[in-house]
Undergrad: 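Could you have a look at this structure, given as structure tokens, before my questions?
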Protein chains: 2
Amino acid sequence: MAHGGKPRPMKGIRQLAEHLDISIGTVSRALNGKPDVNEETRKRVLAAAEQLGYVANQSGRSLRQGTTNVIGLMIQSSRETVENSDNFFLTVTGGLQSVFSRHKLDLIMLPCPHDEDPYEYLKRMVARRVVDALIISETQRVDKRFDLLAKAKIPFAALGRSLSGTQHPWADLDFDGVVNCAVDRLVAHGHRRIAVSAPSSDINLGFVFLEGYRRALERHGIAYDPALVIRAKSSEQGGYQVADELLSLENQPTAVILIYELMAIGFYRRVMEAGIIPGRDIAVVSFREAPRAKFLQPALTCFRTSVHDLGVELAEILLSSMPAYSQEYPRKTRQTVWPLELIPGESDAFQLKTAK
Amino acid sequence: MAHGGKPRPMKGIRQLAEHLDISIGTVSRALNGKPDVNEETRKRVLAAAEQLGYVANQSGRSLRQGTTNVIGLMIQSSRETVENSDNFFLTVTGGLQSVFSRHKLDLIMLPCPHDEDPYEYLKRMVARRVVDALIISETQRVDKRFDLLAKAKIPFAALGRSLSGTQHPWADLDFDGVVNCAVDRLVAHGHRRIAVSAPSSDINLGFVFLEGYRRALERHGIAYDPALVIRAKSSEQGGYQVADELLSLENQPTAVILIYELMAIGFYRRVMEAGIIPGRDIAVVSFREAPRAKFLQPALTCFRTSVHDLGVELAEILLSSMPAYSQEYPRKTRQTVWPLELIPGESDAFQLKTAK
DNA sequence: CATAGTATCGTAAACGTTTACGGAGCGCGT
DNA sequence: ACGCGCTCCGTAAACGTTTACGATACTATG
């Protein structure tokens with residue numbers, strides 16, 4: 001195009017309309033795919049918009065139609081979380097986006113500052129009306145945020161199950177099934193004294209995990225021994241500490257289930273300092289398979305899942321609860337327990353000699 | 001307060017004004033701390049706003065004053081990035097927020113979808129005017145985004161240095177200084193054949209790193225051997241691959257510098273499979289100390305820095321380039337090379353026998 | 001030809017906020 | 001009494017967009 005039209009930064013839809021000698025309303029309809037506009041003029045409008053680099057001002061649009069086309073993912077970057085969350089959030093974000101982008105929805109991450117109360121932060125974000133819907137993560141055993149969002153009538157889903165009475169959409173990893181599988185496998189290898197590392201049971205994950213552990217033991221007729229349940233952070237340091245405490249026990253376990261794969265690094269280090277070889281003298285099983293698991297020595301047996309696909313699921317759950325999209329994502333149930341798959345390693349690949 | 005005023009969700013500033021029998025303009029001024037309003041009425045307004053839970057609608061405000069009070073941190077969650085970034089971004093986010101929150105600025109993270117061109121994504125975000133300023137990360141050797149942001153006249157800073165001609169604010173880890181320090185240390189321990197893992201030199205980091213490596217060798221009068229430079233991903237898998245390629249060399253190195261701490265896990269595994277013990281037969285030094293480094297076996301020697309404080313620095317750099325804040329953050333230079341500190345481990349704690 | 005229907009477009013009113021402008025009241029000095 | 005400055009507040013116009021409504025021209029139908 002040799003004539004006129006320098007592609008300078010557009011000011012607004014008004015300039016675009018003037019440039020086309022079309023009314024501002026028609027331009028808007030053309031851009032938004034409304035039916036009552038000539039296909040011919042629509043083409044012209046789209047071409048001009050592309051050429052002049054016009055993109056609708058989000059504030060104006062949101063103000064008018066009360067919607068932002070943005071979905072927020074709130075994360076609490078607490079100190080502990082930061083150390084553990086690893087790339088979990090970034091990966092799940094990819095899954096979320098792969099769904100949202102089909103509907104021209106943008107995802108933004110809302111990191112709650114360390115020094116701000118998550119509840120207050122969320123309240124602020126909701127009141128500002130900067131997102132159409134929300135995904136909240138790291139749900140607590142009792143979490144005021146559920147009520148807040150329900151009262152504000154803003155659609156939301158949780159990454160992490162809820163055990164409270166309120167019924168809202170969530171998706172979560174199947175820690176219950178996984179701990180069952182782990183115990184079964186260890187018992188089949190001859191183990192009877194199986195230790196676990198557990199996070200705080202304030203958080204839903206911890207509660208579910210411990211309950212599953214209890215029931216699994218019960219199923220095999222193994223007595224529950226509180227001494228074998230070690231509270232520790234889900235970090236390398238935490239794994240080191242777990243090993244440390246277990247080593248100080250009189251009646252030591254022959255197997256351990258770690259709740260987070262990073263812990264294995266510290267655990268390995270500590271027991272090997274005591275001359276105990278994982279995968280020979282003690283069995284180790286863990287969750288949340290990460291690329292590093294198979295490079296540890298011995299390779300760590302753990303449970304894999306596609307965190308990306310979990311994000312996809314969560315996105316669909318959320319959309320199914322939003323009026324504007326619910327008919328596209330019909331659902332019977334809005335709570336999903338996400339399965340994991342066992343990846344055998346070397347860390348538990350031995351049969352316990354039933355000497356004792 | 002026993003009478004009236006049910007704390008229902010506010011509709012807007014108009015309702016708040018009616019409830020107070022004050023004009024809407026005065027209410028706005030009171031809330032925004034404008035000078036020409038009676039201290040008495042300001043108190044009343046603030047109290048009522050608090051009680052009724054009024055928070056200004058962001059869209060309306062942005063539309064009027066052309067500013068959003070939001071700063072965006074764009075991250076590219078490419079496949080490779082996700083695997084490597086670890087909690088880097090979340091940690092730096094904490095540092096950014098600790099500064100921004102003092103100015104009532106909110107930080108949101110803008111994750112560019114895998115399947116979208118980062119340039120196009122950024123263009124979209126800029127055009128939508130949803131942020132006042134931007135921080136971009138993972139800058140490429142040549143990165144069109146600089147020009148885009150400059151032309152759009154939107155303040156920005158980069159997490160990662162720029163080697164292009166344009167002068168814009170950035171902060172970056174001192175990979176140059178760090179590789180020098182690593183080489184010095186290894187040479188002092190008697191090493192002459194020092195291998196490195198290098199990322200692609202498209203990315204600035206890779207380029208800086210390799211240049212530093214070259215100069216350090218030169219300073220010690222050691223010839224540069226291309227065979228000792230292994231391109232690999234910054235992951236466990238990449239570390240494994242580095243070891244694999246080095247083992248196949250005729251003239252094997254006695255030391256290796258890994259660019260990312262995760263790689264050590266795969267590296268350890270591979271060399272130990274060949275009967276080579278890190279910290280005894282080969283020295284290993286790495287960057288980006290993570291909590292796991294000291295739990296590896298042997299504990300990894302690597303370089304630590306406070307990523308949080310890097311975020312603080314970057315935030316101040318950005319604010320200093322924003323007209324509204326620049327007098328609060330006066331600066332001579334807007335480019336910062338962020339230092340790292342050596343944390344000695346066991347992985348290079350031996351003196352090379354100069355037999356050969 | 002008259003009428004109804006359809007396709008396309010222009011007009012103007014919202015959305016919630018900020019802010020320039022002016023006005024009212026008051027004190028004070030001349 | 002008058003004017004001036006100051007403090008405080010109300011009015012109304014913007015910001016950029018969407019959309020309900022009506023207007024116009026044209027087509028089909030009687």
Side-chain angles (χ1 to χ4, degrees), chain A residues 9-46 48-49 52-70 104 124 126-132 152 324, chain B residues 9-46 48-49 52-70 104 124 126-132 152 324:
Chain A
M10 264 282 94
K11 278 271 278 296
I13 200 177
R14 180 159 283 117
Q15 282 204 2
L16 184 58
E18 289 176 5
H19 176 260
L20 285 167
D21 257 329
I22 305 184
S23 97
I24 169 179
T26 305
V27 173
S28 174
R29 281 191 293 267
L31 291 174
N32 292 20
K34 290 299 160 70
D36 50 351
V37 48
N38 193 336
E39 236 7 86
E40 167 69 19
T41 54
R42 185 194 305 279
K43 289 228 180 76
R44 277 180 57 214
V45 171
L46 288 178
L52 300 184
Y54 168 80
V55 178
N57 179 311
Q58 188 59 35
S59 301
R61 164 178 296 174
S62 309
L63 182 58
R64 168 60 215 234
Q65 60 184 16
T67 186
T68 64
N69 286 349
V70 175
K104 296 201 178 291
R124 207 153 51 86
V126 166
R128 278 187 158 192
R129 307 223 130 75
V130 76
V131 293
D132 286 345
Chain B
M10 264 283 91
K11 279 270 281 293
I13 199 176
R14 181 157 283 118
Q15 281 204 2
L16 184 57
E18 288 176 7
H19 176 259
L20 285 167
D21 258 328
I22 306 185
S23 96
I24 168 179
T26 305
V27 173
S28 174
R29 280 191 295 267
L31 290 173
N32 293 20
K34 290 299 161 69
D36 51 350
V37 48
N38 193 336
E39 234 11 83
E40 167 69 19
T41 54
R42 186 195 304 279
K43 288 227 179 78
R44 277 179 58 213
V45 171
L46 289 178
L52 301 185
Y54 169 80
V55 179
N57 179 310
Q58 188 60 35
S59 302
R61 162 178 298 173
S62 309
L63 182 56
R64 168 61 215 235
Q65 60 184 15
T67 185
T68 63
N69 285 350
V70 174
K104 295 198 178 293
R124 208 153 52 87
V126 167
R128 278 186 158 195
R129 309 225 127 75
V130 77
V131 292
D132 286 346

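Per chain, numbering begins at 1; letters A, B, ... match sequence-line order. Heavy atoms only: backbone and side chains are in, while hydrogens, waters and symmetry mates are out.
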Undergrad: I'd like to know if B/Arg64 reaches the base of C/dT17 with its side chain, counting only an N/O donor and acceptor under 3.5 Å.
TA: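 Answer no: no donor N or O sits under 3.5 Å from an acceptor.
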
Undergrad: Rounding to an integer number of Å, can you tell me how far A/Leu63 CG sits from D/dT19 P?
TA: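 From A/Leu63 CG to D/dT19 P: 13 Å.
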
Undergrad: Which value, rounded to the nearest 0.5 Å, describes the distance between B/Ile24 atom CD1 and B/Ile13 atom CD1?
TA: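 CD1 of B/Ile13 is found 5.5 Å from CD1 of B/Ile24.
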
Undergrad: Closest approach to the side chain of B/Lys34, judged atom by atom: which nucleotide of C/dT19, C/dC9, D/dC9 is it?
TA: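 From the listed options, C/dT19 comes nearest.
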
Undergrad: Return the value, rounded to whole Å, for the distance between atom CZ of B/Arg44 and atom P of D/dC8.
TA: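 Between P of D/dC8 and CZ of B/Arg44: 14 Å.
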
Undergrad: Please round to the nearest 0.5 Å and tell me the distance separating atom CD of A/Gln58 and atom OG1 of B/Thr68.
TA: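 Going from the CD atom of A/Gln58 to the OG1 atom of B/Thr68 covers 11.5 Å.
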
Undergrad: Heavy atoms from C-beta onward define the side chain here; which of C/dT17, C/dC9, D/dT18 lies closest to that of A/Ile24?
TA: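 Between C/dT17, C/dC9, D/dT18, the one nearest the side chain of A/Ile24 would be D/dT18.
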
Undergrad: Calculate, to the nearest 0.5 Å, the distance between atoms CD and OG belonging to B/Glu18 and B/Ser23 respectively.
TA: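 B/Glu18 CD to B/Ser23 OG: 11.5 Å, rounded to 0.5 Å.
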
Undergrad: Nearest whole angstrom, please: distance from the C1' of D/dA14 to the CZ of A/Arg14.
TA: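 Rounded to whole Å, this separation is 11 Å.
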
Undergrad: Are side-chain heavy atoms of A/Leu31 and A/Leu46 found at a separation under 4.5 Å?
TA: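 Answer yes - side chains close enough.
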
Undergrad: Distance criterion of 3.5 Å, no angle test: do you see the side chain of A/Arg129 paired donor-to-acceptor with the base of C/dG16?
TA: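 Per atom types, no contact qualifies.
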
Undergrad: Taking OP1 and OP2 of C/dT17, is either one under 4.0 Å from a side-chain nitrogen or oxygen of B/Ser62?
TA: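 Checking C/dT17 against B/Ser62, no side-chain N or O comes under 4.0 Å of OP1 or OP2.
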
Undergrad: Is any side-chain N or O of A/Ser59 closer than 4.0 Å to OP1 or OP2 of D/dG16?
TA: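 Checking D/dG16 against A/Ser59, no side-chain N or O comes under 4.0 Å of OP1 or OP2.
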
Undergrad: What is the separation between atom CD on B/Gln58 and atom P on D/dG16, rounded to the nearest whole Å?
TA: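 Distance, rounded to whole Å: 16 Å.
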
Undergrad: Whole Å only: how far is the CD atom of B/Glu39 from the P atom of D/dC6?
TA: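 Going from CD in B/Glu39 over to P in D/dC6 covers 19 Å.
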
Undergrad: If you pin A/Asn32 and A/Asp36 to their nearest nucleotides in DNA chain D, which one's is more 5'?
TA: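 First, find each residue's nearest nucleotide; the 5'-ward one identifies A/Asn32.
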
Undergrad: Between B/Arg42 and B/Lys34 (side chain of the first, backbone of the second, donor and acceptor by atom type, cut-off under 3.5 Å), is there such a pair?
TA: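 Answer holds: yes.
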
Undergrad: Could you tell me how far apart B/Gln15 (CD) and C/dG16 (C1') are, to the nearest whole angstrom?
TA: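 Checked: the CD to C1' distance equals 12 Å.
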
Undergrad: For the side chain of B/Thr26, counting heavy atoms from C-beta on, which of C/dG10, D/dT18, D/dC9 is nearest?
TA: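 Closest nucleotide to the B/Thr26 side chain: D/dC9.
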
Undergrad: Measure CD/A/Glu40 against C1'/C/dA7 and give the value in whole Å, please.
TA: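 The answer, rounded to whole Å, is 15 Å.
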
Undergrad: Taking B/Leu20's backbone N and O only, do any of them form a donor-acceptor pair with B/Arg44's side chain (distance below 3.5 Å, no angle check)?
TA: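 Yes.
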
Undergrad: Do any side-chain nitrogens or oxygens of B/Arg61 fall under 4.0 Å of OP1 or OP2 in C/dT18?
TA: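 It does, given that an N or O in the side chain of B/Arg61 lies less than 4.0 Å from OP1 or OP2 of C/dT18.
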
Undergrad: Respond yes when some side-chain nitrogen or oxygen of A/Ser23 is under 4.0 Å from OP1 or OP2 of C/dG10, and no when none is.
TA: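 Answer is yes, contact under 4.0 Å.
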
Undergrad: In whole angstroms, how far is the P atom of C/dA24 from the CD1 atom of B/Ile22?
TA: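 Answer to the nearest Å: 20 Å.
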
Undergrad: Which nucleotide in the list D/dT17, C/dT17, C/dG10 gets nearest to the side chain of B/Asn57?
TA: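 The closest nucleotide is C/dT17.
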
Undergrad: OP1 or OP2 of C/dC15 less than 4.0 angstrom from a side-chain nitrogen or oxygen of A/Gln65, does that happen here?
TA: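 For C/dC15, OP1/OP2 do not have a side-chain N/O of A/Gln65 under 4.0 Å.
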
Undergrad: Go through D/dC8, D/dT19, C/dT17 for me and flag the one nearest to the B/Ala56 side chain.
TA: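 My answer, after comparing the listed nucleotides, is C/dT17.
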
